[in-house]
Protein chains: 2
Amino acid sequence: MLRYTGSTAIDYSSSPNCENVGTDAADVIIRPEFNRNQLSPFSVHARPCSTRQNPLVRKLEQFSRLEQGDIQSLDKLVASPKAMRAGQLLVHESSVLDEVYLIVQGMGCRYKLLPGGERQILGYLIPGDLCDIHFITLTKPDHSVALVSDSQVVKIPTQKLNALLANNPRIERALSLAALHDIAILREWLLNVGQRNALQKLSHFFCEMMLRLSRVGQVADDGSFELPINQMALADTTGLTPVHINRTLQRLRSDGLIRLGQRRLYIIDTTRLAAIAGFDDSYLQINQCRR
Amino acid sequence: MLRYTGSTAIDYSSSPNCENVGTDAADVIIRPEFNRNQLSPFSVHARPCSTRQNPLVRKLEQFSRLEQGDIQSLDKLVASPKAMRAGQLLVHESSVLDEVYLIVQGMGCRYKLLPGGERQILGYLIPGDLCDIHFITLTKPDHSVALVSDSQVVKIPTQKLNALLANNPRIERALSLAALHDIAILREWLLNVGQRNALQKLSHFFCEMMLRLSRVGQVADDGSFELPINQMALADTTGLTPVHINRTLQRLRSDGLIRLGQRRLYIIDTTRLAAIAGFDDSYLQINQCRR
DNA sequence: CGGAAGATTGATAACTCTCAAAAATAGTGG
DNA sequence: CCACTATTTTTGAGAGTTATCAATCTTCCG
């Protein structure tokens, strides 16, 4: 928790592209480059980007323009989802990675365990998310994936997916962008866990989930959404303790910021929560592919 | 910091591929799946994977077999590196991403800043690392990259790189795998920052750096290596405070585990340090591409 | 040599954790 | 639909890492 309070002059003029050799010490240059856009109450109340039923299409359309044919292929892929119960493992240490799971409805999470039993949740999978494109080229997973709620899931043989991608460059492109999106989230999580305090961590997580879920049409008109995550999981998400999560939640509640119960979260004051969290949605901004 | 201490029976038999519907509650299934291979003192004393001079070749060879032609192309790419000083920014918020940087010699880091000035370092770039393949498809970077030591750097126009990749599928494949490798490291960092204590965090970071650097021939015969990172940066890497880093370092030193000074780290007792860190190098394992 | 950056130290505060138990909720079977 | 159990949430008290603040010492570098 270091704050840069120095008054050293900042050399904004020296573009990183220029060749001139800096003489300042590392941190003088590194730290003050922060230059944030105003914290904006993120626009979660926007309608989902698409009204399509197929969550995969809905997701990929954000990243790359899809043609009719692409959509048909994707629809075929997602034709018959299976129901799976909360707690089911989709990927674990010794999984044979010849299949990829697609969350159609419900929620999953990725996590790592420590020998002592400590768990760090690495991310949540929401409708439209593939579990896990990162695995496709790996022979052995380095983390596990499980469902956190009863879900509808499609199992896609890796072979089939690869064939699809080979024939549909737009889909392939969209999927790589989706992977980059995941990484951007991961980076923000590292910042969240490493540098923010309990109140900020929780608030930030809530803001992120609301924005992500709103994009796949999972946020109700009243602004509430399902968050099938217990306090233990919230703890493992933020690197805190369940007890401390509980107390932090109480504070958020009594401050009139959220309502949480029956696996549903209602953010009463989006703007204020985002301010507390220091939430800046630019890391979730989706940049349509240029090519 | 939760420990799974329950004695609930573990259903190892239920493969994630099976369709049967679990009845257990989420955490019963999720937690106990931990089944680590023994903590092995990682084999850092292995010679670098290749004796080539070109660090990019040296790196990519780990991921995919390269042919003579590929190597020649890469050699041409890295022909004339430029010297840049510590502290120089390679990428910042408003960078125009028409160029990619390759670290040939030296070290860089990626980081994010908070409005209050808190900094979280997201990863280190070592010789052979591209800064940053993740940016290629983005229009605006979500984090910054700077050099932490005087370095030799190659600036590659994105266009040129794309052309190269289009003509050299093996290189392209190797680069995607390299990106997956980066992500695996990022995941482990999240675990590190979220769940381990100060001593473990530092130890783990040291183990990781030693292993990564040994693979690019940056670890001397006596096992020492350059680590041009001051205590402030170590703090921002681990989510701790410089003061606490200082005290933790003293402990590592007085316990006879490391020697650190003049920007050089010498790990005296690799095995013991790895044990303290709970270091398991499997997340750094490189899986040669199957295709 | 002299100034600046980095490392170290001491004392104190505080956020977060630990432990343990009670209350509330959800889930299951009769 | 109720009883019963397991899970989850909530509380309290106290301890402990880790943070904060500020000063000193050391090292680096022009």
Side-chain angles (χ1 to χ4, degrees), chain A residues 1-9 22-31 85-87 116-118 148-150 193-202 227-236 238-254 260-264, chain B residues 1-9 22-31 85-87 116-118 148-150 193-202 227-236 238-254 260-264:
Chain A
M1 272 293 171
L2 285 177
R3 303 221 165 69
Y4 177 82
T5 52
S7 54
T8 320
T23 52
D24 315 55
D27 269 87
V28 174
I29 294 193
I30 294 180
R31 280 190 177 273
R85 301 292 302 267
E118 297 88 350
V148 296
S149 72
D150 296 349
V193 171
Q195 303 296 336
R196 291 195 250 251
N197 65 31
L199 202 64
Q200 295 172 315
K201 285 178 186 182
L202 252 189
L227 198 67
I229 295 172
N230 62 23
Q231 296 184 3
M232 190 141 114
L234 284 176
D236 293 338
T238 52
L240 297 168
T241 284
V243 173
H244 199 57
I245 286 287
N246 183 286
R247 293 182 166 129
T248 307
L249 280 175
Q250 286 177 46
R251 174 132 176 239
L252 286 175
R253 274 193 279 243
S254 69
L260 178 60
Q262 311 111 203
R263 333 203 94 198
R264 229 181 149 68
Chain B
M1 242 23 102
L2 286 177
R3 303 221 164 67
Y4 177 79
T5 50
S7 53
T8 320
T23 50
D24 316 55
D27 269 88
V28 173
I29 294 193
I30 294 180
R31 278 189 178 273
R85 301 292 301 265
E118 298 89 353
V148 296
S149 71
D150 295 349
V193 171
Q195 302 297 336
R196 291 194 250 252
N197 65 30
L199 202 64
Q200 296 172 315
K201 285 178 185 180
L202 254 190
L227 198 67
I229 297 172
N230 63 24
Q231 297 185 2
M232 191 142 113
L234 283 176
D236 293 339
T238 51
L240 297 168
T241 283
V243 173
H244 200 57
I245 286 287
N246 183 287
R247 293 182 166 130
T248 308
L249 281 175
Q250 286 178 45
R251 173 132 175 239
L252 286 174
R253 275 194 278 244
S254 68
L260 178 60
Q262 311 114 200
R263 331 202 95 200
R264 233 185 144 68

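A note on names: the letters A, B, ... follow the listed sequences, proteins ahead of strands, and every chain is numbered from 1. None of these values were measured; they are calculated from a predicted model.
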Inset, instruction - Would you mind building the protein contact string for nucleotides 7-13 of chain C? One character per nucleotide, 5' to 3', B for base within reach (heavy atoms under 4.0 Å), S for sugar-phosphate only, - for untouched. - result: SBBBB--
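Contacts of Arg247(A) classified as side-chain contact (heavy atoms from CB on, under 4.5 Å), with partners at least two apart in sequence or in another chain: Val243(A). For Arg251(B), the side-chain contact (heavy atoms from CB on, under 4.5 Å) partners are Leu199(B), Asp255(B), not counting sequence neighbours. Residues satisfying the side-chain hydrogen bond (donor to acceptor under 3.5 Å, both in side chains) test with Arg264(A), not counting sequence neighbours, are Ser224(A). Partners of Asn246(A) by side-chain hydrogen bond (donor to acceptor under 3.5 Å, both in side chains), not counting sequence neighbours, listed by chain and number: Gln231(A), Gln250(A).
Distance Gln200(B) CD to dT17(D) P: 12 Å, rounded to the nearest Å. Atom-to-atom, CG of Leu240(B) to P of dT16(C) comes out at 14 Å; the value is rounded to the nearest Å. When the P atom of dT9(D) is taken as reference, atom CG of Leu227(A) falls 11 Å away, rounded to whole Å. For Leu234(B) and dA5(C), the CG to P distance is 19 Å, given to the nearest whole Å. For Leu260(B) and dG6(C), the CG to C1' distance is 12 Å, given to the nearest whole Å. Between the C1' atom of dT27(D) and the CZ atom of Arg264(B) lies a distance of 18 Å, rounded to the nearest Å. To the nearest angstrom, C1' of dT18(D) lies 13 Å from CG of Leu199(B). Distance CG (Asp150(A)) to P (dA26(C)): 15 Å, rounded to an integer number of Å.
The C1' atoms of five pairs define one axis at each end of the helix from dC1(C)-dG30(D) to dG30(C)-dC1(D), and these two axes lie 60° apart (to 10°).
Closest heavy-atom contact between Arg196(A) and Lys201(A): O-CE, 2.9 Å. The heavy-atom pair separating Thr238(A) from Leu202(A) by the smallest distance is CG2-N, 4.5 Å. Minimum interatomic distance between Pro242(A) and Met232(A) (heavy atoms only, all atoms of both residues): CG-CA, 4.3 Å.
Proximity of Leu234(B) to Thr248(B): side-chain heavy atoms (C-beta onward) are nowhere separated by under 4.5 Å.
When each of Ile245(A) and Gln262(A) is assigned the nucleotide of DNA chain C with its nearest heavy atom, Ile245(A) is the one assigned upstream, toward the 5' end.
Checking side-chain atoms of Asp150(B) against main-chain N and O of Ala86(B) turns up a donor-acceptor pair under 3.5 Å.
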